[in-house]
Amino acid sequence: MKSRPTLTLADARALAAAAEREALAKGWAVSIAVVDDGGHLWWLQRLDGAPPISAEIAPAKARTAALGRRESRVYEEMINNGRVSFLSAPLHGMLEGGVPIMVEGQCVGAVGVSGVKPSEDAQIARAGIAAVAA
């Protein structure tokens with residue numbers, strides 16, 4: 001059997017706190033979701049002023065990144081570049097803002113952020129990940 005790193009509740013809390021600090025420092029009202037490597041929700045928070053729909057979109061982006069083991073923007077780019085048949089894939093967050101958490105070459109989960117521009121969502125997610133996957 002192989003041994004590999006796993007995400008813990010303490011990691012999810014630290015990651016969410018770092019992502020929240022990044023969002024608040026920029027004045028961005030977002031929802032932040034953390035999922036495990038199977039895409040199951042571990043943490044969800046909606047900052048004051050974040051659109052209600054962002055609490056649905058952030059976990060979907062995170063799940064897509066975790067299951068695909070790549071940033072959710074990759075799927076958005078594939079679709080935008082003409083591979084529209086990918087819309088039939090069983091994923092619902094194929095938009096930029098979902099980032100996998102990679103530790104020792106293994107995906108241990110993902111972060112999804114929604115509420116601002118897609119590149120800003122991803123920036124917040126990466127800031128959170130940097131706090132635990134350094």
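Linking Ile, Leu, Val, Met, Phe, Trp and Tyr residues whenever their side-chain heavy atoms come within less than 4.5 Å places V103 and V99 in a single cluster. Under the 4.5 Å side-chain heavy-atom criterion for ILVMFWY residues, no single connected hydrophobic cluster contains both M102 and V35. Put simply, L95 and W28 are part of two different groups of oily side chains (I, L, V, M, F, W, Y) that touch within less than 4.5 Å, one to the next. Hydrophobic clustering, with ILVMFWY side chains joined whenever heavy atoms are under 4.5 angstrom apart, groups L7 together with V113. Two different hydrophobic clusters hold L41 and I53 under the rule that ILVMFWY side chains link at heavy-atom gaps under 4.5 Å.
Nearest heavy atom pair, residue D11 against residue V132, reads O-CG1, 3.5 Å. Closest approach of T64 and G93 over heavy atoms only: OG1-N, 3.3 Å. The minimum heavy-atom distance between M94 and L87, with the atom names listed, is CE-CA, 4.2 Å. Across all non-hydrogen atoms, the minimal contact from I124 to A19 is CG2-O, 3.4 Å. Closest approach of W42 to A12, counting heavy atoms only: CD1-CB, 3.1 Å. Contact between P100 and A110 at its shortest, heavy atoms only, is CA-CB, 3.8 Å.
Between the side chain of R69 and the backbone N or O of D37, at least one donor-acceptor pair lies under 3.5 Å.
The distance from the CD1 atom of I57 to the NE2 atom of H92 is 13.0 Å, given to the nearest 0.5 Å. The line from CD of E96 to CD of Q123 is 10.5 Å long, rounded to the nearest 0.5 Å. Here C107 contributes atom SG and R4 contributes atom CZ; the two are 8.0 Å apart, rounded to the nearest 0.5 Å. Note that CD of E56 and CG of L44 are 8.5 Å apart. Values are rounded to the nearest 0.5 Å.
Considering only heavy atoms from C-beta on, V111 comes within 4.5 Å of I101 through its side chain. With a 4.5 Å cut-off on side-chain heavy atoms, K26 and E120 do not count as touching. Taking 4.5 Å as the limit, some side-chain heavy atom of V116 sits within range of a side-chain heavy atom of D121.
Between K61 and E76 there is no salt bridge, since no side-chain nitrogen of the basic residue lies less than 4.0 Å from a carboxylate oxygen of the acidic one.
Tested against E77 for a side chain to side chain contact (heavy atoms under 4.5 Å, CB included), the candidates N81, I79, N80 yield a single pass: N81.
The closest side-chain donor-acceptor pair between S31 and S54 falls under 3.5 angstrom.
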